[in-house]
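In this chain, numbering begins with 1 at the start of the sequence shown.
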Amino acid sequence: GELEDFRGITTGITNTNYFVDTSTGRWVLTLFEQMDNGSLPFFMQLMDHLAGHGVPGAHPVARNDGGFLSRVQDRPAALVYRLAGASIETPSSSQCASLGGVVAEMHRAVRSFGEAQPNPRGLDWIAQARDRLAERLDTDTAALLDDEIAFQRDNARTRYRGLPEAVIHADMFRDNVLFEDDRVSGVIDFYYACHDYLLFDLAVICNDWAFDDDGLYRNEHWQAFIHAYHRRRALTDAEHGAWPAMLRAAALRFWASRLIDYHFPMDGDVTHIHDPSPFERLLRAHREAPPALLDAP
């Protein structure tokens, strides 16, 4: 179709995104700022796979030759169908319950997805980020990072062994889920998807959806999510045991990445830098008193 309108989406951190309207439809155009064509087919295939299994999510548009990727402004780029709905800054417990069902179905659907990709922001990356930040951090901050990295390495050898693994979203923040009323209409931004613990996906979600912007924990929101999830994909005893440590792992991962984004901002047309301090506070809180995974019904 013919181009009718476009505008930048200002919530992107890693990639540059635009809404694009043409005479034949409405789309989202993503320009990948830090990825090359080698890793991108995995994300495109995953999104296509989930759409084929009825998971509401970003569905890439195939080119006339069947491929999903193009180049725009000398960057890899992809077009996806624009989903209905909007993200919610302050979700309700019923919206959290809807999300719980969708995430469980996503975790079930990836069982038949044959591709795998390691977590690009795993512990090795976090340790490298710590080294890169060495001259930017005060003594207390550096000590907390070092202690938590050591704690997570120990858990990777012990408590995390045997946890269910598959391809996860790994970045399911509130701005990456769209709603129409109380129903999830789409999950977007799969560009950190990787093979990792399913429990890590849940911890990332808990750290964002169950805490308000002042850091106040909302147990009713989390329990609405996790009970809806548990009805569709039963949590294991090992996952219950690893939950407190995994909450810390998820907080550490995003604290480290936001420290890097804050101290070493990248060039991008439309990007937004998040304050790393909320994840530092969240990590410290989890080290003292982590919330429960699943309350008794």
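Looking only at distances, a side-chain donor or acceptor of S185 sits under 3.5 Å from a matching main-chain atom of A84. Proximity of a side-chain donor or acceptor of W222 to a complementary backbone N or O of L293 within less than 3.5 Å is detected. Side-chain atoms of W125 never come within 3.5 Å of backbone atoms of N119 as a donor-acceptor pair (strictly under, hydrogens ignored). Side chain of H169 to main chain of D189: a donor-acceptor pair is present (N/O by atom type, distance under 3.5 Å, no hydrogens or angles). Using a distance-only test at 3.5 Å, with no hydrogens or angles considered, a donor-acceptor pair links the side chain of R136 to the main chain of H263. Between the side chain of R248 and the backbone N or O of P244 there is no donor-acceptor pair closer than 3.5 Å. Looking only at distances, no side-chain donor or acceptor of T141 sits under 3.5 Å from a matching main-chain atom of L137. At distances below 3.5 Å, at least one donor-acceptor pair connects side-chain atoms of Y160 with backbone N or O atoms of A245. Between the E148 side chain and the L145 main chain, no donor and acceptor come within less than 3.5 Å of each other. Between the side chain of H230 and the main chain of L235, a donor-acceptor pair closer than 3.5 Å is present.
Taking the six-membered ring for Trp and the full ring otherwise, F211 and H286 have centroids separated by under 6.0 Å. Checked against a 6.0 Å centroid threshold, the rings of F225 and W209 do not count as neighbours.
Looking at residues two or more places apart in sequence or on another chain, you find no side-chain contact (heavy atoms from CB on, under 4.5 Å) involving A86.
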- request: Could you check V80 against L29 for side-chain contact (heavy atoms from CB on, under 4.5 Å), going step by step and ending with a plain yes or no?
  value: CA-CA 7 Å; V80 301; L29 174 67; over 6 Å; no
message: Quick one, D147 with R287, criterion salt bridge (Lys or Arg N to Asp or Glu O under 4.0 Å). Give me CA distance, side-chain angles, the key distance, then yes/no.
response: CA-CA 11 Å; D147 186 70; R287 287 163 64 97; 2.9 Å; yes
field: Evaluation steps, side chain to side chain donor-acceptor pair (under 3.5 Å), between S39 and Q117
entry: CA-CA 8 Å; S39 60; Q117 179 164 288; 5.1 Å; no
- prompt: What's the verdict on side-chain contact (heavy atoms from CB on, under 4.5 Å) for V55 and V187, showing C-alpha distance, side-chain angles and the deciding distance?
  reply: CA-CA 8 Å; V55 176; V187 177; 5.6 Å; no
- request: Dump the intermediate steps for salt bridge (Lys or Arg N to Asp or Glu O under 4.0 Å) on E280 and R258, then the final yes or no.
  value: CA-CA 10 Å; E280 178 182 356; R258 289 184 178 186; over 6 Å; no
- request: Before giving the answer on side-chain contact (heavy atoms from CB on, under 4.5 Å), spell out for H59 and L50 the whole-Å C-alpha distance, their side-chain angles and the decisive distance to 0.1 Å.
  value: CA-CA 8 Å; H59 191 187; L50 292 174; over 6 Å; no
message: Could you go through F279 and F254, starting from their C-alpha distance and side-chain angles, then the distance that decides it, and tell me whether this counts as ring-ring contact (aromatic ring centres under 6.0 Å, His included)?
response: CA-CA 7 Å; F279 276 100; F254 286 97; 5.8 Å; yes
task: Decide yes or no on side-chain contact (heavy atoms from CB on, under 4.5 Å) for F200 and I168, but give the supporting numbers first.
output: CA-CA 8 Å; F200 182 81; I168 63 172; 3.7 Å; yes
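For residues 221-230, there are no salt bridge (charged side-chain N to carboxylate O under 4.0 Å, His left out) pairs, not counting sequence neighbours. The stretch residues 198-222 participates, sequence neighbours left out, in these salt bridge (charged side-chain N to carboxylate O under 4.0 Å, His left out) pairs: R174-D208, R174-D213. Every pair passing salt bridge (charged side-chain N to carboxylate O under 4.0 Å, His left out) that includes a residue from residues 118-128 is listed here, sequence neighbours excluded: D124-R153. Residues in residues 107-117 take part in these salt bridge (charged side-chain N to carboxylate O under 4.0 Å, His left out) pairs, two or more places apart or across chains: E105-R108.
Looking only at atom types and distance, the side chain of H227 has no donor-acceptor partner in the side chain of D295 under 3.5 Å away. Using modelled atom types, one finds no donor on one side chain facing an acceptor on the other under 3.5 Å when comparing E4 with S23. Using a 3.5 Å distance cut-off with no hydrogens or angles, the side chains of N17 and T30 do pair a donor with an acceptor. No side-chain donor from either of H274 and D261 sits under 3.5 Å from a side-chain acceptor of the other.
The local environment of CG in D237 is sparse, with at most 12 non-hydrogen atoms from other residues, nucleotides or ligands closer than 6.0 Å. Within 6.0 Å of CG in D74 there are 12 or fewer heavy atoms belonging to other residues, nucleotides or ligands. Counting non-hydrogen atoms of neighbouring residues, nucleotides and ligands closer than 6.0 angstrom, the CG atom of D65 exceeds 12 such neighbours.
In this structure the side chain of D21 never reaches within 4.5 angstrom of the side chain of L3, judged on heavy atoms. A 4.5 Å side-chain heavy-atom check between H49 and S112 finds at least one atom pair inside the cut-off. Counting only heavy atoms from C-beta outward, the side chains of T22 and E2 never approach each other to under 4.5 Å. Between L202 and H107 the shortest side-chain heavy-atom distance falls below 4.5 Å. Between V72 and R75, the closest side-chain pair of non-hydrogen atoms is not below 4.5 Å. V103 places none of its side-chain heavy atoms less than 4.5 Å from the side chain of R232. Looking at heavy atoms from C-beta onward, F264 lies in side-chain contact with L133 at the 4.5 angstrom threshold. Side-chain contact between C206 and L247 is present, with heavy atoms from C-beta onward closer than 4.5 Å.
Rounding to the nearest 0.5 Å places CD of Q95 at 11.5 Å from CZ of R183. Rounded to the nearest 0.5 angstrom, Y229 OH and M106 CE are separated by 10.5 Å. In this structure, CD in Q152 is found 11.5 Å from CZ in R157, a value given to the nearest 0.5 Å. L99 CG to S94 OG: the interatomic distance, rounded to the nearest 0.5 Å, is 11.5 Å. Atom CZ of F42 is separated from atom NE2 of H195 by 9.5 Å, given to the nearest 0.5 angstrom.
Between M246 and the options N155, V204, L163, a side chain to side chain contact (heavy atoms under 4.5 Å, CB included) holds for only L163.
Put simply, F173 and M47 are part of the same group of oily side chains (I, L, V, M, F, W, Y) that touch within less than 4.5 Å, one to the next. Cluster annotation: F151 and L282 are assigned to distinct hydrophobic clusters (Ile/Leu/Val/Met/Phe/Trp/Tyr, side-chain heavy-atom contacts under 4.5 Å, transitive). Both I88 and M172 are part of a single hydrophobic cluster, where members link through side-chain heavy atoms under 4.5 Å apart.
Cation-pi contact between R253 and Y192: present, with separation from the ring centre below 6.0 Å and deviation from the ring axis of at most 45°. By the 6.0 Å and 45° rule, R82 stacks over the aromatic ring of F19. The cationic group of R63 does not satisfy the cation-pi geometry with F68, failing either the under 6.0 Å distance to the six-membered ring centre or the 45° limit from the ring axis.
Between R284 and E288 no salt bridge is recorded (no basic side-chain N to carboxylate O distance below 4.0 Å). Note on R130 versus D146: salt bridge recorded, some NZ/NE/NH1/NH2 to OD/OE distance being below 4.0 Å.
L83 belongs to a hydrophobic cluster whose other members, connected by ILVMFWY side-chain contacts under 4.5 Å either directly or through intermediates, are L178, I188.
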